[in-house]
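All of these numbers come straight from a predicted model, not from anything done at the bench. Each chain gets a letter, A, B and so on, in the order the sequences are listed, and its residues count up from 1.
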Amino acid sequence: MPNISRDEVAHLAKLARLAVTEEELDVFAGQLDQILDAVAAVGEVAKDDIPPTSHAVPLTNVFRADEVRPGLTQQQALAGAPAAEEGRFRVPRILGEEQ
Amino acid sequence: MTDLTRLPAAELAAKIHAREVTAVEVTQAHLDRIAEVDGLVHAFLHVDAEGALATARAVDADLAEGREPASALAGVPLALKDVLTTKDMPTTCGSRTLENWVPPYDATVTRRLRRAGVVILGKTNMDEFAMGSSTENSAFGPTRNPWDPERIPGGSGGGSSASLAAFEAPLAIGTDTGGSIRQPGAVTGTVGVKPTYGGVSRYGLVAFSSSLDQAGPCARTVLDAALLHEVIAGHDPLDSTSIDAPVPPVVAAAREGASGDLSGVRVGYVREFAGEHYQRGVLGSFERALGQLREQGAEVVEVSCPNFAYALPAYYLIAPSECSSNLARFDAMRYGLRVADDGEHSAEEVMSASREAGFGPEVKRRIMLGTYALSSGYYDAYYGSAQKVRTLISRDFAAAFERVDVLVSPTTPTTAFRIGERVDDPLAMYYADLCTIPANLAGNAAMSVPSGLSDDDGLPVGLQIMAPALADERLYRVGAAYETVRGPLLDRVPELKGVSV
């Protein structure tokens, strides 16, 4: 039995906001299954008593002085915008027809 | 007249600062070389001739007025990986998503290079968002290896390493998440260093896997890498993971190493880094390297790091998990590619269509893999276990560094493979990072230095040197000593001149 089905990959793509094609699904499903087979090896040594490491250099509570610093101007912030209107980012509608 | 493109950065700087040549002449020589060979090599995504010459003119003007050079590398040209932001040049990360995007700010690395008077020639090609080991995942076409244009220059920083081996630049910047500085260095016969995690600021380094990403120097000699390391390293309040400690004395260590004497240095070779995935010629080169280190006075012993076998699987869970989160920022709303914005589609549909159109297959694979590894129900088995493996790898390093000063291994299991050979087999591609990943997971410093040509295919091989976190200077001491005795390699790169585009 595979680690991951084609339907599960389709669901993942939806969660990840990737409008993948049917052809891509066929390819990705097989590849992801093969990769998951290989990476599952971590389970062989990851015993209960081993603490996890999320970061190689343990640093906590890094603060800086709370000083006013120049930020981006409106023009700079909008310079790379796919669409702008009246000094704001213009985005597609966020509600569906039924809402 | 000396060919200025053949000189190491240290010599170029000395000539510029002594006013034997101008920074403009040096810069122009490299721009000419780029114009001559980059049609074939394709190391650069963007060349900023005007900006580079303007920087060079400013350096020359300073020197003419008797001022001290801004740094040891003032006036020396450099190629910058296209994953570091530049407010006067596009920053694409090799992705269609960011095609033509000009960031509104400079990365700290970029800012430090400018402050040091380093001449930025342009931006180099890379695997999309630094995901890959061959630079074939660039949306803008592959980079070719100057040793053999049919082969890959490594990845993700193949543009940076190829620019050095093609004599288009004497210095380059790379970034290394799983080997993206060291593996390209190995397969192009150049030097690449991944500093200790937190040693170089990540501010303005477009994030792939934040707990692993680290920028570092690429060069043709160990001393040049050290000089560049000192320019870019150091604490940065804009990066909360930046280490607030003095930069290790890497230049002094490189100069000390140049004597070639390694008496009293304890070197461990990792037993686990050999076997079925390793090319015979690579292992042969590594054996010779161990012999040479012994002759130079080092005490060479075998060390076992049993959990290193699990580094590759752990990496291919941790890096995709972090990438799935980091790349969520490319939502087609504030910057980057937007498609299907026709008034019919919702923001969510536009987002999905834009990401589908803007990302290549490897980026999509990793985003989905990471999304899977982080999802409830699978988290403990995959991401949680991978984080435990990370602890085990750090323990293996800690135990090893009680016995030895540095660890060594081949940098890569094979020499440069052919373009196209592994594109349809992601797992085969991942094996290129087999030896480089442990240092990323543990945050250690590591270097690749050329160890000659493989006797089965005549292509460059890299010797990897690994040091404990914050002991980056050990890499430079051992690397420079090894390099001095081994001798130059890049004078054997085939001539690229006269190649038609």
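- Heavy atoms closer than 4.5 Å to chain A are found in both the backbone and the side chain of Thr391(B).
- For Ser325(B), no part lies near chain A; criterion is any non-hydrogen pair under 4.5 Å.
- Heavy-atom neighbours of Arg88(A) CZ from other residues, nucleotides or ligands within 6.0 Å: at or below the threshold of 12.
- Residue Ile50(A) touches chain B through both its backbone and its side chain, counting heavy-atom pairs closer than 4.5 Å.
- Contacts of Val27(A) with chain B are absent, with no heavy-atom separation under 4.5 Å from either backbone or side chain.
- For Leu374(B), no part lies near chain A; criterion is any non-hydrogen pair under 4.5 Å.
- Contacts between Ala469(B) and chain A at a heavy-atom distance below 4.5 Å are absent for every atom of the residue.
- Of the atoms belonging to Thr196(B), not a single heavy atom falls under 4.5 Å from chain A.
- In terms of non-hydrogen atom pairs under 4.5 Å with chain B, the most contact-rich of Val57(A), Leu59(A), Val45(A), Leu32(A) is Val45(A).
- Heavy atoms of Ser324(B) lying under 4.5 Å from chain A are absent altogether.
- For Thr21(A), the parts sitting under 4.5 Å from any heavy atom of chain B are the backbone and the side chain alike.
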(message) Under the criterion side-chain contact (heavy atoms from CB on, under 4.5 Å), I'd like the reasoning laid out for Leu12(A) against Leu369(B): C-alpha separation, chi angles, the key distance, then a yes or no.
(response) CA-CA 8 Å; Leu12(A) 282 178; Leu369(B) 183 61; over 6 Å; no
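- Side chains of Pro426(B) and Ile35(A) form a contact here, defined as non-hydrogen atoms less than 4.5 Å apart.
- Heavy atoms closer than 4.5 Å to chain A are found in the backbone of Asp424(B), but not in its side chain.
- Neither the backbone nor the side chain of Lys14(A) comes within contact range of chain B; no heavy atom of the residue lies under 4.5 Å from a heavy atom of that chain.
- Residue Phe397(B) does not touch chain A at all, counting heavy-atom pairs closer than 4.5 Å.
- Contact of Leu72(A) with chain B is made through the side chain alone, with heavy-atom distances under 4.5 Å.
- Residue contact with chain B, scored on non-hydrogen atoms closer than 4.5 Å, involves the side chain of Ile4(A) exclusively.
- We find the CE-CZ distance between Met368(B) and Phe28(A) to be 4.5 Å, quoted to the nearest 0.5 Å.
- Annotation: maximal heavy-atom pairing with chain A below 4.5 Å, among Arg390(B), His345(B), Glu322(B), occurs at Arg390(B).
- In this structure, the portion of Val62(A) lying under 4.5 Å from any heavy atom of chain B is its side chain and not its backbone.
- Interface residue Gln31(A): only side-chain heavy atoms are found under 4.5 Å from chain B.
- Only the backbone of Ala332(B) comes within contact range of chain A, judged by heavy atoms closer than 4.5 Å.
- Heavy atoms of Leu470(B) lying under 4.5 Å from chain A are absent altogether.
- Counting all heavy atoms, side chain and backbone alike, Arg93(A) lies closest to Glu344(B) at NH2-O, 2.6 Å.
- Using a 4.5 Å cut-off between heavy atoms, Tyr430(B) contacts chain A through its side chain alone, with no backbone atom that close.
- To the nearest 0.5 angstrom, Ser346(B) atom OG is 10.0 Å from Ile94(A) atom CD1.
- Considering only heavy atoms from C-beta on, Glu349(B) stays 4.5 Å or farther from Pro92(A) through its side chain.
- Remark: Leu15(A) CG to Ser352(B) OG distance equals 10.5 Å, nearest 0.5 Å.
- Two residues are said to be in side-chain contact when any heavy atoms from C-beta on lie closer than 4.5 Å; Tyr105(B) and Gln76(A) fail this criterion.
- Atom NE2 of His11(A) has 12 or fewer heavy atoms from other residues, nucleotides or ligands within 6.0 Å.
- In terms of heavy-atom pairs under 4.5 angstrom with chain A, the leader among Ala381(B), Ser354(B), Ala347(B) is Ala347(B).
- Contact count against chain B (heavy-atom pairs under 4.5 Å) is highest for Pro51(A) among Pro51(A), Ala13(A), Ala83(A), Ala84(A).
- The main-chain N or O of Val350(B) is never found under 3.5 Å from a side-chain atom of Arg17(A) such that the two would form a donor-acceptor pair.
- With values rounded to the nearest 0.5 angstrom, Leu427(B) atom CG is found 4.5 Å from Gln34(A) atom CD.
- Both the backbone and the side chain of Ala81(A) come within contact range of chain B, judged by heavy atoms closer than 4.5 Å.
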(request) Evaluate side-chain contact (heavy atoms from CB on, under 4.5 Å) for Leu238(B) paired with Arg69(A), printing each intermediate quantity in order. (result) CA-CA 12 Å; Leu238(B) 297 175; Arg69(A) 295 182 307 194; 3.4 Å; yes
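- Taking NZ from Lys47(A) and NZ from Lys388(B), the interatomic distance works out to 9.5 Å, rounded to the nearest 0.5 Å.
- For the residue pair Gly80(A) and Trp101(B), the shortest heavy atom distance occurs at CA-CD1, 4.3 Å.
- Looking at Val42(A), Leu36(A), Val39(A) one by one, the single match for side-chain contact (heavy atoms from CB on, under 4.5 Å) with Tyr316(B) turns out to be Val39(A).
- In terms of heavy-atom pairs under 4.5 angstrom with chain A, the leader among Lys87(B), Glu348(B), Met351(B), Arg395(B) is Glu348(B).
- Heavy-atom pairs under 4.5 Å with chain A were tallied for Leu317(B), Val389(B), Val102(B); the largest tally goes to Leu317(B).
- Contacts between Phe359(B) and chain A at a heavy-atom distance below 4.5 Å involve the side chain alone, from C-beta outward.
- Of the atoms belonging to Asp425(B), it is side-chain heavy atoms, and not backbone ones, that fall under 4.5 Å from chain A.
- Put simply, the side chain of Phe89(A) does not reach to within 4.5 Å of the side chain of Met333(B), judged on heavy atoms.
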